[in-house]
Amino acid sequence: MELIITEKDNAARRLADILSGGTFDSSRENGVNVYEWGGKRCVGLSGHVVGVDFPSEYSDWRDVEPVELIDADVEKTATKENIVATLRILARKANRATIATDYDREGELIGKEAYEIVREVNEEIPIRRVRFSSITENEVQSAFEEPDELDFDLAAAGEARQIIDLIWGAALTRFLSLSAGQLGNDFISVGRVQSPTLKLIVDREREIEAFDPETYWELFADLRKGDDVDTFEAQYFYRDEDDNEAERVWDEAVASEVYETLSERDAATVVDVNGRTRTDTPPTPFNTTQFIRAASAIGYSAKRAMSIAEDLYTAGYITYPRTDNTVYPDDLDPEELLDDFVGHSALGDAAESLLEADEIVPTEGDEETTDHPPIHPTGEIPTRGDVSDDEWEVFELVVRRFFATVAEAAVWEHLKVVAEVDDYRLKANGKRLVEPGYHEVYPYFNTTENFVPELDEGDELSLTEVEIEEKETQPPRRYGQSRLIETMEDLGVGTKSTRHNIIEKLYDRGYVESDPPRPTRLAMAVVEAAEDYADRVVSEGMTAQLEADMDAIANGEATLEDVTDESREMLEEIFANLAESRDEIGDQLRKSLKDDKRLGPCPDCGEDLLVRRSRHGSYFVGCDGYPDCENTLPLPSTGKPLIQENECEEHGLNEVKMLAGRQTFVHGCPLCKAEDAGEGPILGACPDCGDEHDGELAVKTLQSGSRLVGCTRYPDCEYSLPLPRRGDIEVTDERCEEHDLPELVVHSGDEPWELGCPICNYQEFQARESDTGSDLEALDGVGAKTVEKLADAGIESLDDLTDADPDAVADDVDGISADRVRTWQAKA
DNA sequence: GCAAGGTC
């Protein structure tokens, strides 16, 4: 039996399909899919199935000096035990093994991990390596016709990276965390990729903080040709000392003088007309970074874009979304792929128009790699009910990007007109899209035109509407997530698979907040400490050097030991300097941690009020003077508090926003909220204790800002009904007959909300909650329509789905693939 | 519990 090993299950199934001509059987072993046909078995790993770590005697942070980690052993342990176990079982029975992991450095290392597991249980059998950059008939067949050997040097290069990353990351992370006394969940982390990325953000913030705005003026006027109805806008410009065109006037007196002259005149003379035609070439195929950039332009965060792309990939609609490649492989036939869209209601017209071209030549980007093809549609098209709106939008983006790469260039006509008024000059830049080209199938770019009429030198124009605008120079803008990912790629930091996760990590570690990401004081302090004592770890140079060293290992010019030994020595030196400054670094970090939590002065004692977390995990405001000062203020129970920049005028406390996804809201000043607390109007008798104890229901506002209808005898009577957090509550004269309570109206925004009797309202709310239908809707991308379709096939709950045979479901339900069912099962 | 790299 021949055992074929791929990097992921999806690749294993597609390989089996190609090699078996579609005749393979599948079974499951330890929760791992095994594909079998004619004496061959194919199994997919899940990326790395083993990982590096220190021996267990190093695991207690307090018992080990961080510096000891530098010379500690580094062990490999199984991280996916079920997969490793399955691989062992299959390897015992095999008489040959073929490694078919991805065709890149990390793939070679994952292949070597599989190699070692196979060798452990079977010393005899030949183990070979096949390489292909896309899983297509041609590539796969020719790879298997000419198998190769595993490249152990290349794999060793990857291992050197693993060891260096672990040692530097763990030793420095533990050092900073211990110095600041931050153990447990809130440790202070440092790493070869995250720290240079954080430094990018911090450096930009430093520029913003140091920015000193300057005032300048810009002048505009409307020009009109002859009897034309439309005017066009022109801007004043001059030649600066370097003879460059400049529009900003830095001297107010000069600006006023120009303004007055222009205002007094009613005509301008055309002195220069310059027309040119510009070709606007279609965009190149999507790699991961460019895909994230395009998705972010239509409103998706990097994380969300990748998560949707992964789902579309698993469902079989698009190719693998983690790729560096921007050149389509030879065996992608664009016409064949376009054909798949012909006749489709939303995408068919574009495909048909593209097929009319005499010749179809796709664009190419600069990166041609062997890992995977650029991201493109597979030709399988989901029906709208199959996928969520977001998934469809991202799918359409990928399809249209493919369309754009095989479309014609667009052509713009630019027309620059310069007109003179006395010694002053005005210019107007016109542009017109004369050939829309690829823009017709790819509507995501701005194609705004600017009208300027045909003119000749010497033409007289009428001059109206002169305007002067006072402006200020702006600080540089913060990096957005996708710009950050592009910059990381430019600097060679991180990989296509990790860059977006690294940004998530910065959020999780408390280093950045909001979007675009803004660094916390802790982040500034960590970067500062690293710059002072371990500059390497915040510099992209560390990755550049590591890449060079890995190349040397791969070429046989250096060994893994050479490279890791040298790296260990460098880290030893860093620790020699760090040791003396441990207390000083710790003080700085602790101070910045407090800065990130500070709201303002405590009204009781003058110390700082801080956002704190209770043992149960809920947030509240407490005084830094505790236990001497026991002043506290509550915070809302939903969400994670984010301290805003603006302060409450009355108390000098920063306002607080509660981050809770879609339910995010501004809480405001916690002290104002606490002072607003109290009992509002009485509504009627309490249904629980009104008869017995004369309890009454009242509208109440709690110190945390939440509102409810509750009994005046609280805490003796705990009867309560929920009310919305926002809006003014009006108590009307209408009364509910059943409960004898007034109907309520909530005023917020434009439309008043007729909440009605609070008891009826709560009962309706509860009824809706218990009737939210199927738990199937909890799955990503499953909407009401899909639930209905699944119900028709007898699948009404997650349990039903887990028990179902994916292939049978695919047969029964239109537009749902077995792959998708498997994904759901895995998630359920 | 530390990193970064795969993958889900």
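Quick note on labels: first sequence line is chain A, next is B, and so on, each numbered from 1. Quantities reported herein were computed from a predicted structural model and do not represent experimental measurements.
- Between the side chains of A:Thr289 and A:Arg293, no donor-acceptor pair of N or O atoms lies under 3.5 Å.
- A:Val52 comes within contact range of at least one nucleobase, with a heavy-atom separation under 4.0 Å.
- Side-chain proximity of A:Lys8 to the nucleotides B:dA4, B:dT7, B:dG5 is greatest for B:dT7.
- Contact annotation: the side chain of A:Met306 never approaches that of A:Arg499 to less than 4.5 Å [non-hydrogen atoms, C-beta and beyond].
- Base engagement by A:Gln162 is indicated by at least one non-hydrogen atom pair under 4.0 Å involving a base atom.
- To the nearest angstrom, C1' of B:dG5 lies 17 Å from CD of A:Glu504.
- Nucleotide B:dC8 holds its C1' atom 13 Å from the CD atom of A:Glu7, rounded to whole Å.
- A:Asp311 has its CG atom 15 Å from the P atom of B:dT7, to the nearest Å.
- The A:Thr495 side chain lies nearest to B:dG5 when the options are B:dG5, B:dC2, B:dT7.
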Table please: side-chain donor-acceptor pairs of residues 568-582 of chain A below 3.5 Å, with sequence neighbours left out.
residue: A:Arg568; atom: NE; partner: A:Ile70; partner atom: O; Å: 2.8
residue: A:Ser581; atom: OG; partner: A:Tyr533; partner atom: OH; Å: 3.1
residue: A:Arg582; atom: NH1; partner: A:Glu65; partner atom: OE1; Å: 3.4

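- Counting only N and O atoms by type, the side chains of A:Glu513 and A:Thr520 include no donor and acceptor under 3.5 Å apart.
- Between A:Tyr313 and A:Tyr320, the ring planes lie perpendicular to each other; the angle is over 60°, past the 30° to 60° tilted range.
- Residue contacts for A:Gly494: at a heavy-atom cut-off of 4.0 Å it reaches the sugar-phosphate backbone alone, with no base atom in range.
- For A:Ser46, no side-chain nitrogen or oxygen approaches OP1 or OP2 of B:dC8 to under 4.0 Å.
- Rounded to a whole Å, the NZ atom of A:Lys303 is 14 Å from the C1' atom of B:dC8.
- Listed nucleotides B:dG6, B:dC2, B:dT7 differ in distance to A:Asn501; the shortest reach to its side chain belongs to B:dT7.
- A close approach under 4.0 Å does not occur between any side-chain nitrogen or oxygen of A:Lys496 and OP1 or OP2 of B:dG5.
- Of the candidates A:Leu200, A:Ile485, A:Val512, A:Tyr479 forms a side-chain contact (heavy atoms from CB on, under 4.5 Å) with just one, namely A:Leu200.
- Note on A:Arg192: a side-chain N or O is less than 4.0 Å away from OP1 or OP2 of B:dG5.
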Below 3.5 Å, can you tabulate the donor-acceptor pairs from side chains in residues 539-548 of chain A to any protein atom, sequence neighbours excluded?
residue: A:Ser539; atom: OG; partner: A:Gly541; partner atom: N; Å: 2.7
residue: A:Thr543; atom: OG1; partner: A:Arg192; partner atom: NH1; Å: 3.2
residue: A:Gln545; atom: NE2; partner: A:Asp549; partner atom: OD1; Å: 3.0
residue: A:Glu547; atom: OE1; partner: A:Arg105; partner atom: NH1; Å: 3.3
residue: A:Glu547; atom: OE2; partner: A:Arg105; partner atom: NH2; Å: 3.4

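- Under the stacking criterion of a centre-to-centre distance below 5.5 angstrom and an interplanar angle below 30°, A:Phe187 is not stacked against the six-membered ring of B:dG1.
- Summary of the strand contacts: A:Asp104 and A:Trp168 both lie near DNA chain B, and taking for each the nucleotide with the nearest heavy atom, the more 5' one is attributed to A:Trp168.
- Atom pair A:Tyr58:OH and B:dA3:C1' shows a separation of 18 Å (rounding to whole Å applied).
- A:Ser497 has a side-chain polar atom (N or O) that falls below the 4.0 Å cut-off from OP1 or OP2 of B:dT7.
- Of the side-chain N and O atoms in A:Arg509, one or more sit less than 4.0 angstrom from OP1 or OP2 of B:dA3.
- As judged by a 4.0 angstrom heavy-atom cut-off over every strand, A:Asp60 is placed among the base-contacting residues.
- When each of B:dA3, B:dC2, B:dG6 is scored by its nearest atom to the side-chain atoms of A:Gln194, the top-ranked nucleotide is B:dA3.
- When rounded to the nearest whole Å, the span between CZ of A:Arg322 and P of B:dG6 equals 9 Å.
- Mapping A:Val193 and A:Gln182 onto DNA chain B via the closest heavy atom, the residue that lands nearer the 5' end is A:Gln182.
- The interatomic distance linking A:Ile503 (CD1) with B:dA4 (C1') rounds to 15 Å, in whole Å.
- Within 4.0 Å (heavy atoms only), A:Leu183 reaches at least one base atom of the nucleic acid.
- Nucleic acid contact for A:Ser177: none, since no nucleic acid atom lies under 4.0 Å from a heavy atom of the residue.
- Residue contacts for A:Trp61: at a heavy-atom cut-off of 4.0 Å it reaches a base atom on one of the strands shown.
- Between the C1' atom of B:dC8 and the CG atom of A:Asp9 lies a distance of 10 Å, rounded to the nearest Å.
- At a threshold of 4.0 angstrom between heavy atoms, the contacts of A:Asp53 include nucleobase atoms, whether or not backbone atoms are also involved.
- Listed nucleotides: B:dC2, B:dC8, B:dA4. Nearest to the side chain of A:Asp165: B:dA4.
- Below the 3.5 angstrom threshold, one finds no donor paired with an acceptor across the side chain of A:Ser189 and the base of B:dC2.
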